[in-house]
Structures are given as structure tokens and as C-alpha cells.
Amino acid sequence: QVQLVESGGGLVQAGGSLRLSCAASGRTFRVYAMGWFRQAPGKERELAAGISRNDDNTYYADSVKGRFTISRDNAKNTVYLQMNSLKPEDTAVYYCAARTGMIVNTARYDYWGQGTQVTVSS
């Protein structure tokens, strides 16, 4: 089992940047594919970005391509989400998640963090 703790959320103006971090503890971090999901009020949760356990495959939702970058540091048991050119529609609770296996682009993740709020003002 792995425990996930997100940090780095907050309030930012449109066009600004934030970097989210997710620290993992428990079983070996490097065996997990990692994802950042987000859920806006009244909307379904969606996978914004994902990264394979070996850092050789990434996924981005069309809505964040070119603006968000997911990365991981296996030595620090941490995954990051760099968010640039933020828009009001990026406002959501962002969740870090982990799953065993090779597939990144799926909603079927095994472990979840508690979420961190990102609010983008216009």
C-alpha cells in the first residue's frame, strides 16, 4: 500500500503558474504509474496527466496539453505537476493517484491522495 499527500495548491490569477507536489510513502514508489486527476464543482473527475513508472510514457488531457507538465523523481518518491498559463476553467480539486501496471491513461487507479484546491481567478 502507498500513502499520497499533495501540496502546492492555492489561488492564482489567470496566466499564472503553480507547481503541485505529491509525496508518496509506503511501498516502493517506482513500481507505480502516477496520475493527477482533477474535479471541478458539478463535473466528473478527469485524468489531467499521467506518467509511467519508468518515466517513459506520459499522458495529457487535451485541455492541458502544452500548459501542464508531469514529472517524477523516484529518488524522492515524489511526482510533480507544473501548471503554466492557468485558466479559470482549471479551477478544481487536484488529486494525486497511483496504480500498479503499465497503463497510464485510465480512471482505474488504486490509491488516492486527499486532494488540493487550485483556484484560478479571472
Side-chain angles (χ1 to χ4, degrees):
Q1 187 155 347
V2 62
Q3 293 78 43
L4 304 171
V5 179
E6 303 99 334
S7 60
L11 174 64
V12 64
Q13 289 188 332
S17 299
L18 282 175
R19 188 175 83 154
L20 305 182
S21 299
C22 173
S25 61
R27 289 187 60 189
T28 306
F29 176 71
R30 64 179 180 270
V31 307
Y32 295 101
M34 301 297 297
W36 283 100
F37 288 77
R38 64 184 185 179
Q39 187 167 22
K43 295 187 177 182
E44 292 187 356
R45 186 170 59 193
E46 66 168 348
L47 176 62
I51 188 166
S52 62
R53 60 188 184 185
N54 294 325
D55 198 6
D56 58 357
N57 181 34
T58 55
Y59 165 82
Y60 296 96
D62 288 342
S63 57
V64 308
K65 278 181 182 176
R67 301 187 298 121
F68 289 12
T69 302
I70 189 169
S71 62
R72 64 190 296 160
D73 186 337
N74 286 346
K76 295 182 178 180
N77 285 5
T78 303
V79 62
Y80 305 96
L81 186 67
Q82 177 67 44
M83 304 185 295
N84 298 329
S85 302
L86 283 161
K87 305 175 181 180
E89 51 264 43
D90 294 318
T91 295
V93 178
Y94 283 71
Y95 297 91
C96 174
R99 71 181 307 272
T100 55
M102 301 299 292
I103 296 174
V104 174
N105 181 15
T106 174
R108 300 179 64 180
Y109 277 64
D110 303 306
Y111 305 103
W112 296 84
Q114 82 288 352
T116 186
Q117 177 71 45
V118 171
T119 302
V120 184
S121 62
S122 57

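Proximity of C96 to W36: side-chain heavy atoms (C-beta onward) are separated by under 4.5 Å at one or more points. Inter-residue side-chain proximity for T91 and Q117 is flagged as met; some heavy-atom pair is nearer than 4.5 Å. Contact annotation: the side chain of K76 never approaches that of S21 to less than 4.5 Å [non-hydrogen atoms, C-beta and beyond]. Taking 4.5 Å as the limit, some side-chain heavy atom of R53 sits within range of a side-chain heavy atom of R72. Contact of the R38 side chain with the V118 side chain is not registered, since no non-hydrogen atoms from C-beta on lie closer than 4.5 Å.
Distance alone, capped at 3.5 Å, places no donor-acceptor pair between the S52 side chain and the A33 backbone.
Residues F37 and Y109 bring their aromatic ring centres within 6.0 Å.
Using a 4.0 Å cut-off between a side-chain N of Lys or Arg and a carboxylate O of Asp or Glu, K87 and D90 do not qualify as a salt bridge.
Here the CG-CE distance, from L81 to M34, works out to 11.5 Å after rounding to the nearest 0.5 Å. Atoms CG and CZ, from D55 and R30 in turn, are 14.0 Å apart once rounded to the nearest 0.5 Å.
Counting heavy-atom neighbours within 6.0 Å of L11 CG, excluding the residue itself, gives a total above 12.
A continuous path of Ile, Leu, Val, Met, Phe, Trp and Tyr side chains, each step under 4.5 Å between heavy atoms, connects L4 with L18, placing both in one hydrophobic cluster. Hydrophobic clustering, with ILVMFWY side chains joined whenever heavy atoms are under 4.5 angstrom apart, groups V2 together with V31.
Note on ring orientation: taking the six-membered ring where Trp is involved, the planes of Y94 and F68 are tilted (angle from 30° to 60°).
No option in I51, D73, L20 other than D73 meets the side-chain contact (heavy atoms from CB on, under 4.5 Å) test with Y80.
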